[in-house]
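Here is the structure we will look at, set down as structure tokens.
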Amino acid sequence: RLMILSHSIDPEHDSVPVLKDYADRLQVAAPRWNFLTGNKDTIYTLSEYYMASAAEDPTAPGGFVHSGAFILVDNHRFIRGYYDGTKPEDDKRYPCFTA
């Protein structure tokens with residue numbers, strides 16, 4: 001009953017075919033893992049809703065800053081946990097990240 005959603009923060013580059021190619025190279029597939037893109041304003045508003053950072057920054061590597069968070073959301077859309085995807089100790093806090 002787990003689904004992973006990865007939201008692009010660069011919709012000008014990350015078209016549906018680009019994200020499909022990326023998923024294919026990672027050998028991950030829907031319905032368990034979906035890569036999403038859309039309107040930039042909608043993406044950034046969504047990041048605010050989940051209290052995660054995502055913004056353009058020309059001084060940052062790649063031109064963007066983002067939190068790198070894994071956010072666990074239940075099937076009622078309640079946030080159940082935040083995990084820092086850059087910290088190995090956070091991977092161990094929830095077993096689905098290492099499965």
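Heads up: numbering here begins at 1 and tracks the sequence. Fair warning: this is a prediction, and the values are worked out from it, not measured in the lab.
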> Does Tyr22 belong to the same Ile/Leu/Val/Met/Phe/Trp/Tyr cluster as Val28, with side-chain heavy atoms less than 4.5 Å apart forming each link?
Replying inline: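 Per the 4.5 Å side-chain linkage, Tyr22 and Val28 are co-clustered.
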
> Atom CD1 in Ile43, atom CG in Asp14: separation rounded to 0.5 Å?
Replying inline: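 These two atoms lie 8.5 Å from each other.
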
> Would you call the rings of Phe78 and His76 parallel, tilted or perpendicular, where under 30° means parallel and over 60° means perpendicular?
Replying inline: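 Rings of Phe78 and His76: tilted, 30 to 60°.
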
> Taking all atoms of both residues into account, what is the closest heavy-atom pair of Pro11 and Gly38, and its distance?
Replying inline: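 Minimum heavy-atom separation between Pro11 and Gly38: CB-O, 3.0 Å.
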
> Would you say Arg80 and Val73 make side-chain contact, with heavy atoms under 4.5 Å?
Replying inline: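 The answer is no; the side chains never approach within 4.5 Å.
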
>> Working note: Arg32 + Ile4, criterion side chain to side chain contact (heavy atoms under 4.5 Å, CB included); need CA distance, chi angles, decisive distance, verdict.
In response: CA-CA 6 Å; Arg32 296 278 307 211; Ile4 300 171; over 6 Å; no

>> Show, in sequence, the C-alpha distance, side-chain angles and deciding distance for Phe35 and Ser8, and conclude whether the side chain to side chain contact (heavy atoms under 4.5 Å, CB included) test is met.
In response: CA-CA 7 Å; Phe35 291 82; Ser8 168; over 6 Å; no

> Name the one of Asp10, Leu19, Val18, Ile9 that satisfies side-chain contact (heavy atoms from CB on, under 4.5 Å) with Thr37?
Replying inline: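 Single pass found, and it is Leu19.
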
